[in-house]
Amino acid sequence: MTASAHRVGGGAIRTIRERDGASLERTTPRHPARNHFLLLAPEPALSYLRDLAIALEIDRNVTMVPGGSLDGVLSECLEWHKHAGPFQRMHVVWEWDGCDVEHMEASWRTVEEAVWEQIALRPRLIVCRPSFLLWILWHFEDVESEHATPESIRKRVEALLKKTVGAHVSGLHGRTVAHLDDALRRARRERRLRQDGELGWPMEVGSDLHELVLFWYRLARREWTA
């Protein structure tokens with residue numbers, strides 16, 4: 001499998017080479033994993049989180065890798081641990097349409113167990129249902145589950161951003177950070193109210209992305225008090 005990614009903050013671009021048997025062996029940490037993290041996420045989540053990490057001045061602590069499905073998570077986690085690790089934590093942001101629950105949960109269990117066996121670390125999955133842009137929409141308004149499709153959320157976000165920001169502001173993070181209090185409030189409220197599956201995944205519209213955002217604020221020693 002061949003994939004390319006980057007380390008945010010101007011770090012060197014790395015290219016993951018084709019896997020071989022040795023790449024799956026247990027690796028020995030080359031240096032302490034303190035405050036060193038791996039993030040796998042699809043666009044536009046990756047772009048938003050990259051800008052957030054830069055704003056918090058923790059971008060040198062986070063290796064960010066593009067990822068869009070569970071199929072490649074295992075190999076990505078192990079390869080990046082080998083080439084850029086060790087890591088203190090691994091976060092996987094995943095957009096999910098709510099289909100094939102049993103298959104997806106079984107797939108994630110396989111990933112968790114294999115990563116733990118190889119490097120003694122359990123990756124943390126953050127599910128965005130139906131899409132990452134739900135988190136952006138929460139900055140502005142509540143979302144009714146029956147109307148929350150990826151396309152309707154995208155269109156609503158685009159319309160709201162056109163109304164609320166100036167042309168000089170770019171990026172989803174820069175255009176929404178002033179409303180972060182509202183997003184955190186809605187995310188926490190929805191987390192308390194919604195039904196979750198066996199692994200804690202949202203069984204209706206929802207996301208726990210706020211947990212990663214708040215974790216990064218604590219890491220940057222900028223505790224969010226909203």
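Considering only residues two or more places apart in sequence or on other chains, D100 meets the salt bridge (Lys or Arg N to Asp or Glu O under 4.0 Å) condition with none of them.
Taking the six-membered ring for Trp and the full ring otherwise, the centers of F37 and H91 sit at least 6.0 Å from each other.
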Take E151 and R154 through the salt bridge (charged side-chain N to carboxylate O under 4.0 Å, His left out) test and state the conclusion after the steps. CA-CA 5 Å; E151 183 63 12; R154 182 189 63 80; 2.4 Å; yes

Could you walk me through whether F140 and T176 pass the side chain to side chain contact (heavy atoms under 4.5 Å, CB included) test, one step at a time? CA-CA 9 Å; F140 302 103; T176 59; 4.0 Å; yes

L180 and Y217: CA distance, side-chain angles, deciding distance, side chain to side chain contact (heavy atoms under 4.5 Å, CB included) verdict: CA-CA 12 Å; L180 182 56; Y217 267 90; 3.5 Å; yes

Would you check, one step at a time, whether the test side chain to side chain donor-acceptor pair (under 3.5 Å) holds for W116 with E112? CA-CA 6 Å; W116 174 257; E112 277 190 312; over 6 Å; no

Apply side chain to side chain contact (heavy atoms under 4.5 Å, CB included) to the pair W80 and L40, showing each step before the final yes or no. CA-CA 10 Å; W80 281 95; L40 278 72; 5.8 Å; no

Start with the C-alpha distance between V111 and L125, add both sets of side-chain angles, then the distance that settles side chain to side chain contact (heavy atoms under 4.5 Å, CB included), and finish with yes or no. CA-CA 10 Å; V111 171; L125 181 64; over 6 Å; no

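The backbone N or O of P86 sits less than 3.5 Å from a side-chain atom of H36, completing a donor-acceptor pair. Put simply, the side chain of W96 gets close to the backbone of C99: a donor and an acceptor are under 3.5 Å apart. Panel note: side chain S47, backbone P44; no donor-acceptor pair is recorded below 3.5 Å.
Of all the heavy atoms in L134 and S207, the pair that sits closest is CD2-N, 4.2 Å. Residues V115 and L121 come closest through the heavy atom pair CG1-O, 3.1 Å. The shortest heavy-atom contact between L38 and F87 is N-CD2, 3.6 Å. Closest approach of I54 to D59, counting heavy atoms only: CA-OD1, 3.7 Å. What you find for T149 and P130 is that their closest heavy atoms are C-CG, 4.1 Å. Across all their heavy atoms, E95 and P42 have their closest contact at OE1-CG, 4.0 Å.
For residues 134-143, the side chain to side chain donor-acceptor pair (under 3.5 Å) pairs, not counting sequence neighbours, are Y48-W135, E141-R156, D142-R186, D142-R189. Sequence neighbours left out, the pairs with a member in residues 122-133 that pass side chain to side chain donor-acceptor pair (under 3.5 Å) are R124-E211.
Exactly one of E190, R185, R192 qualifies for a side-chain contact (heavy atoms from CB on, under 4.5 Å) with R188. That residue is R192.
Here R191 contributes atom CZ and D196 contributes atom CG; the two are 4.5 Å apart, rounded to the nearest 0.5 Å. L46 contributes atom CG, which lies 6.5 Å from atom CE of M64 (distance to the nearest 0.5 angstrom). Rounding to the nearest 0.5 Å places CZ of R175 at 11.5 Å from CG of D51. To the nearest 0.5 Å, the span separating CD1 on I58 from CZ on F215 amounts to 8.0 Å. Between atom CG of residue L137 and atom NE2 of residue H179 there is a gap of 12.0 Å, rounded to the nearest 0.5 Å. Considering CG of D208 and CG of L214, their distance stands at 11.0 Å, rounded to 0.5 Å.
Taking the side chain as every heavy atom from C-beta outward, R89 and L219 never approach each other to under 4.5 Å. At least one side-chain heavy atom of W216 sits under 4.5 Å from a side-chain heavy atom of V62.
By the neighbour-count criterion of 12 heavy atoms within 6.0 Å, atom CD of E102 is sparsely surrounded, having that number or fewer from other residues, nucleotides or ligands.
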